S.K.: 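Have a look at this one before I ask anything.
Computed from a predicted structure; not experimentally measured.
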There are 2 protein chains.
Amino acid sequence: MMQLDDQAYARIAKYFQLLAEPMRLKILNGLRDGEKNVSELVALSGGTQANVSKHLTMLSAAKLIGRDARGTKAYYSIVDQQIFDLCGLVCGQLAIQMSMEAAANETFISAVQSNTNKQHEWETA
Amino acid sequence: MMQLDDQAYARIAKYFQLLAEPMRLKILNGLRDGEKNVSELVALSGGTQANVSKHLTMLSAAKLIGRDARGTKAYYSIVDQQIFDLCGLVCGQLAIQMSMEAAANETFISAVQSNTNKQHEWETA
DNA sequence: ATATTACATGAGTATATAGTTATATAAAAA
DNA sequence: TTTTTATATAACTATATACTCATGTAATAT
């Protein structure tokens with residue numbers, strides 16, 4: 001079987017690592033409907049300014065989001081909407097797992113579903 | 001805008017975290033064409049037995065892979081092939097990024113492409 | 001029963017990273 | 001110019017986690 005080399009695995013892993021952080025997911029989700037500046041994202045996420053700014057710097061360095069400085073504000077925006085497909089797939093996986101766990105935890109599934117119904121967060125298509 | 005609650009973000013992040021590790025990606029990719037036992041995965045991945053076993057335990061606990069003990073051997077297998085869609089999307093993203101970086105690093109892109117052509121690793125559809 | 005094979009796991013270490021606090025920088029307002 | 005507003009970043013701490021080495025456990029073979 002053909003193998004990706006170690007550098008390729010490392011790159012893919014690093015990409016997933018960016019998505020492996022709740023605050024970053026929240027920020028990305030906050031950018032779903034268009035650009036926002038740092039203050040808006042701080043308010044939206046409930047994080048501190050310093051922490052949100054750091055996450056934005058990381059996401060920007062990795063080209064997952066773009067940065068546009070206007071005046072004293074910095075507006076960030078999603079570069080490629082396909083990123084939400086990734087989250088949608090994961091939500092789908094988790095929803096399946098949880099439904100198989102026999103509805104002990106209703107909260108998450110209903111969040112995802114109301115989600116899907118309202119064509120809101122993370123849905124795939 | 002509707003928000004997923006913090007527990008939901010945490011769950012999604014934890015899922016991505018599982019994919020944010022080169023050795024685990026290698027193992028998952030090694031399981032692409034069917035179940036393998038631990039020794040086979042150790043050989044295939046180049047990792048130590050202890051380390052591979054730990055990663056398998058993690059992936060299994062998260063239900064990304066299944067475990068079937070037969071005799072003294074333990075066979076692991078992918079539970080849902082959709083997981084490769086995730087990796088395919090990321091490969092696609094990275095390939096785009098790298099092609100935009102003007103082909104300085106040809107290795108990775110060509111790996112992903114020969115990949116796509118040969119219908120091998122990580123491709124989406 | 002003993003040895004061997006295959007796998008899992010505990011202890012310990014090293015590193016990475018998320019978060020906080022304080023400060024730096026830079027544009028705009030006064 | 002001085003102040004204020006918006007953002008970035010350095011220093012530090014705490015926690016998580018990947019790895020190694022050693023050992024435990026369980027099924028098979030001798």
S.K.: Donor-acceptor check, side chain of A:Ser53 to backbone of A:Gln49, threshold 3.5 angstrom: yes or no?
M.R.: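 Not confirmed, A:Ser53 side chain does not pair with A:Gln49 backbone.
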S.K.: Which nucleotide sits closest to the side chain of B:His55: D:dA18, C:dC7, C:dA18?
M.R.: D:dA18
S.K.: What's the CE-P distance between B:Met58 and C:dA8, to the nearest Å?
M.R.: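 So the two atoms are 14 Å apart, to the nearest Å.
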S.K.: What is the distance from NZ of B:Lys73 to P of C:dA6, rounded to the nearest Å?
M.R.: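 Atom NZ in B:Lys73 sits about 6 Å away from atom P in C:dA6.
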S.K.: For the pair made of CG in A:Leu59 and P in C:dA18, what is the distance, rounded to whole Å?
M.R.: 10 Å
S.K.: Could you tell me the separation between the CG atom of B:Leu56 and the C1' atom of D:dA18, rounded to a whole number of Å?
M.R.: 14 Å
S.K.: Does C:dT9 have OP1 or OP2 under 4.0 Å away from a side-chain N or O of B:Ser53?
M.R.: no
S.K.: Could you run down the sub-3.5 Å N/O contacts of the protein with nucleotides 11-16 of chain D?
M.R.:
residue : atom : partner : partner atom : Å
D:dA11  : N6   : A:Lys54 : NZ           : 3.0

S.K.: Is A:Arg67 close enough to D:dA8 that one of its side-chain N or O atoms is under 4.0 Å from OP1 or OP2 there?
M.R.: yes
S.K.: Can a side chain N or O of A:Ser39 be found less than 4.0 Å away from OP1 or OP2 on D:dT7?
M.R.: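 A:Ser39 to D:dT7 OP1/OP2: side-chain N or O found under 4.0 Å.
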S.K.: Got a salt bridge between A:Lys26 and A:Glu21, using NZ or NE/NH1/NH2 to carboxylate O under 4.0 Å?
M.R.: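 Salt bridge absent between A:Lys26 and A:Glu21.
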S.K.: Which nucleotide, C:dG19, D:dA6, C:dA8, lies nearest any side-chain atom of B:Tyr76?
M.R.: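 That would be C:dA8.
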S.K.: How close or far is atom P of C:dT17 from atom CZ of A:Arg24, stated in whole angstroms?
M.R.: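 So the CZ-P distance, A:Arg24 to C:dT17, works out to 9 Å.
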S.K.: Answer yes or no: is there a donor N or O on one side and an acceptor on the other, between the side chain of A:Arg24 and the main chain of A:Leu19, under 3.5 Å?
M.R.: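 No; zero donor-acceptor contacts below 3.5 Å.
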S.K.: Just the table, please: protein N/O against nucleotides 22-30 of chain D N/O, every pair under 3.5 Å.
M.R.:
none

S.K.: Check whether the side chains of B:Asp68 and B:Tyr76 place a donor and an acceptor atom closer than 3.5 Å, and report yes or no.
M.R.: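 The criterion, which ignores hydrogens and geometry beyond distance, is not satisfied for B:Tyr76 and B:Asp68.
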S.K.: In whole angstroms, how far is the P atom of C:dA8 from the CG atom of B:Asn37?
M.R.: 10 Å
S.K.: OP1 or OP2 of D:dA8 less than 4.0 angstrom from a side-chain nitrogen or oxygen of A:Thr57, does that happen here?
M.R.: no
S.K.: So, is B:Asn51 close to the D:dC19 phosphate, meaning a side-chain N or O under 4.0 Å from OP1 or OP2?
M.R.: yes
S.K.: What is the separation between atom CG on A:Leu41 and atom P on D:dA8, rounded to the nearest whole Å?
M.R.: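 Distance, rounded to whole Å: 10 Å.
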S.K.: Decide whether a cation-pi geometry holds between B:Arg67 and B:Tyr75; the criteria are a distance under 6.0 Å from NZ or CZ to the six-membered ring centre and an angle within 45° of the ring axis.
M.R.: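 Not flagged: B:Arg67 not positioned over aromatic ring of B:Tyr75.
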S.K.: Rounded to whole angstroms, how far apart are CD on B:Glu40 and C1' on C:dT5?
M.R.: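 Rounded to whole Å, this separation is 15 Å.
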